[in-house]
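We count residues from 1, following the sequence as given. As the structure is a prediction and not an experimental result, all values here were calculated from the model. The figures here come from the full heavy-atom set of this structure, side chains too, leaving out hydrogens, waters and symmetry mates.
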Amino acid sequence: MPSRRSPVRGRSATFSGIVTKQYAGDAPGAVFTGWGKRATATDPAYTPYTNVTFRGNYITQANTPYGCNGIYLTGVRGGLVEGNVIDRVGVSGVETNMADNVTVQYNEIMGTHLSSGGADQNGLDPDIGTTNQVFQYNYLHDNGDGILLCACNSAVKFGSVILRYNVVTGSSRWTLHLSQSAGTTADIYNNTFYNTAAAAMVDGGVTSPGKATLTNNVFGSTKDATFRLESSIIYTNNGYSDTLTSLPETTPKKGNPLFVNAAVTGPYGDENGPRLDTAANFALQAGSPFVDAGVSVVNNGGLDFAGATVPLGSAPEIGAFERGAPNIAFTDTFDSLPTGTLANGTNGWRVISTNNNISVVETPSATDKSVKLTRTVDGGGTDGTNLARLFSTPMQGLVTIDAQVMRNDTQAGWFGLPYVYNSSGVQAVSVAFARGQIHAYQGTTDTVLGTYTNGKWYRITLTVDTVNQRFDLDIDGERILTDATFRTSMPGIAKIAWYSNGGERGSVHVDDVRIARGPAYGQ
């Protein structure tokens, strides 16, 4: 009997800390090269590592007083840190330094604390000499400090960072601390900050002509807390809890945010991956004064924390979420269905099996069933032998499509596993198993990604972004394609199909289908 594969949420590896550092020659007696250090943003000597990715790791320094940084990227250009759980580390969860073009996203960071004589205890820190940093869609909770912006070396007069769509809760000392030198810029918008203990919501400072601009952020608090006031920190159209009295805007938007459940205590991430869905408790409920109360931000990324299009209403929300929590559009394990032919309409499935067969079978077992599509002759027209979900209102934003598939036949004809269609019925994203190979289209080009083994289950995960017209493909939790382009424009997903047609022959098993708005991480 074919064995079941582990879920996509399984971790990549477990570490106590990860450091990427390019040689600079700045130690005593060393030959200075400047490879990992730059005096200006365009320093010609700067020769960093490139295209560095840390994905899907569990990092902890629990029960040691000597831990320091969960992930530290210095001397890097083109970095990506995503889908990690960073648990009880010292100093900083993720810190970038002397780095360019780094994106930090979809991480859960918790319990960061003072350690080894250091002064910091933050979830995130875009530090000295960092440019084009984007920190987004992270869930930071129960850290000493939420986010530290520490471009604090007066001799390094450059730096740029965007902080957006992060959820920051339970910080004990500072929620957001700015320590920025002249020449740096920070754009901080559509984050949700929730405070129960810290004396300051925004602290520190920015040396002019540096600038930090805070827009469309929710500052929720159970107690009064302070905001740093100076001309180089610009507050625009943020939302403030009634509990906050000394506000940094002359005509502030103020009231009860009406979070879904600000008292949430988990579940939180662990070795199995982040639980970003828990952060959805800080989405706004109907009646919140911050719904449709935001202002437009140019080049805002287009998606909120949960993968919804920004805006959904007449204007953006204030905070990290548009109109509530992520929603599961559909999930089906097939385990409760009777064995035998799958009728059209069962559990909302559109089933076309003309002259062929689509059935619920006891594979891998009687308690863990799957659907088998078998195509032996022509039939079904263009649809062919087809198992599909249709959406009368196309799904927009960031949508995750997840299913297990297995070939166990000798004909090995072309099966789409799956194909994703726009509202005109045109294929926009295509993954297929055929003749021993795994295929996917990148734009209009069919690419062979590798081979498959008969009798082996594969978990296929598509993360489809209809706003930016891109998709990612993971197979068994390993990223295979990143930001691949659609075959054709798809403003919304109208159909997802597992199928074969025409002269293709063979069979395939499909199981554990899940379609949801939002990223694959932590749901």
Side-chain angles (χ1 to χ4, degrees), residues 92-96 102-105 107 109 122-127 130-140 143 145-152 159-169 171 174-181 183-195 198 200-221 225-241 244 247-249 252-253 257 279 282 290 293-305 310 316-321:
S92 183
V94 177
E95 179 180 351
T96 58
V102 176
T103 298
V104 179
Q105 61 184 9
N107 302 285
I109 304 173
N122 58 77
L124 297 173
D125 175 13
D127 209 89
T130 54
T131 49
N132 303 307
Q133 310 288 290
V134 179
F135 286 42
Q136 60 186 3
Y137 312 125
N138 300 289
Y139 180 29
L140 316 178
N143 299 291
D145 307 329
I147 300 177
L148 168 66
L149 274 63
C150 194
C152 53
S160 58
V161 63
I162 293 172
L163 302 178
R164 62 188 180 194
Y165 310 113
N166 300 288
V167 176
V168 183
T169 72
S171 305
W174 300 314
T175 300
L176 174 64
H177 187 81
L178 308 175
S179 184
Q180 299 285 90
S181 64
T184 62
T185 62
D187 292 303
I188 304 164
Y189 58 87
N190 285 101
N191 301 282
T192 295
F193 298 99
Y194 181 69
N195 174 50
M201 295 297 290
V202 179
D203 201 17
V206 178
T207 302
S208 183
K211 183 172 69 173
T213 304
L214 291 85
T215 308
N216 290 350
N217 301 286
V218 169
F219 292 102
S221 184
T226 61
F227 292 84
R228 178 69 175 184
L229 300 176
E230 56 186 45
S231 61
S232 53
I233 304 176
I234 302 166
Y235 298 87
T236 304
N237 204 73
N238 299 285
Y240 304 92
S241 286
L244 300 167
L247 301 181
E249 298 185 47
K253 289 182 168 64
F282 294 91
F290 308 137
V295 295
S296 296
V297 176
V298 177
N299 298 324
N300 66 1
L303 299 169
D304 76 346
F305 186 98
V310 178
E317 257 72 320
I318 294 176
F321 292 94

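The minimum heavy-atom distance linking A212 with V206 is given by the pair CB-CG2, 4.0 Å. For the residue pair E249 and P252, the shortest heavy atom distance occurs at O-CD, 3.3 Å. Closest non-hydrogen pair, S221 versus S241, comes out as N-OG, 3.0 Å. Taking every heavy atom of both residues into account, Q133 and T131 meet most closely at NE2-O, 2.8 Å. In terms of heavy-atom proximity, A225 sits nearest to M201 at CB-CG, 3.6 Å. Of all non-hydrogen atoms in G294 and N216, the two that sit nearest each other are CA-OD1, 3.4 Å.
Between L148 atom CG and W174 atom CH2 the span is 7.5 Å, to the nearest 0.5 Å. With rounding to the nearest 0.5 angstrom, the CG atom of D203 is 6.0 Å from the OG1 atom of T226. In this structure, CD1 on I188 lies 5.0 Å from CG on L176, to the nearest 0.5 angstrom. Atom-to-atom distance recorded for F135:CZ and I162:CD1 is 11.5 Å, nearest 0.5 angstrom. Between the CG atom in N190 and the CD atom in E317 there is a gap of 9.0 Å [rounded to 0.5 Å]. Considering OG1 of T96 and CG of D127, their distance stands at 7.0 Å, rounded to 0.5 Å.
Under the side chain to side chain contact (heavy atoms under 4.5 Å, CB included) criterion, A198 pairs with T175, N195, not counting sequence neighbours.
In terms of modelled atom types and a separation under 3.5 Å, the side chain of N191 and the main chain of N217 share no donor-acceptor contact. In this structure, the side chain of N300 engages the main chain of G302 through a donor-acceptor pair within 3.5 Å. Between the side chain of S232 and the main chain of S208, no donor-acceptor pair closer than 3.5 Å is present. Not a single donor-acceptor pair under 3.5 Å links the side chain of N138 to the backbone N or O of I109. Not one N or O on the side chain of R228 forms a donor-acceptor pair closer than 3.5 Å with the backbone of V202. Between the side chain of D304 and the backbone N or O of V310, no donor-acceptor pair lies under 3.5 Å. Using modelled atom types, one side-chain atom of T192 and one backbone atom of A320 make a donor-acceptor pair closer than 3.5 Å. At distances below 3.5 Å, at least one donor-acceptor pair connects side-chain atoms of S160 with backbone N or O atoms of N132. Under a 3.5 Å cut-off, the side chain of S181 and the backbone N or O of A151 do form a donor-acceptor pair. The closest donor-acceptor contact from the side chain of Q136 to the backbone of T103 lies at 3.5 Å or more, if one exists at all.
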Between L163 and L149, is a side chain to side chain contact (heavy atoms under 4.5 Å, CB included) present by the stated rule, with each step listed? CA-CA 10 Å; L163 302 178; L149 274 63; 3.4 Å; yes
Kindly indicate, with the supporting measurements, whether the criterion side chain to side chain contact (heavy atoms under 4.5 Å, CB included) is fulfilled by R164 and V134. CA-CA 8 Å; R164 62 188 180 194; V134 179; 4.0 Å; yes
Would T130 and V102 satisfy side chain to side chain contact (heavy atoms under 4.5 Å, CB included), going step by step from the backbone distance to the final call? CA-CA 9 Å; T130 54; V102 176; over 6 Å; no
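A 4.5 Å side-chain heavy-atom check between F227 and I233 finds every atom pair outside the cut-off. In this structure the side chain of K253 reaches within 4.5 angstrom of the side chain of I318, judged on heavy atoms.
Taking the six-membered ring where tryptophan is involved, the planes of F305 and Y137 are perpendicular, since the angle between them exceeds 60° and thus also 30°.
Just one residue in the list Y235, F290, F219 forms a ring-ring contact (aromatic ring centres under 6.0 Å, His included) with Y240, and that residue is F219. Of the options Y139, Y194, Y165, a ring-ring contact (aromatic ring centres under 6.0 Å, His included) to F282 is made by Y194 and by none of the others.
Using a 3.5 Å distance cut-off with no hydrogens or angles, the side chains of N143 and S171 do not pair a donor with an acceptor.
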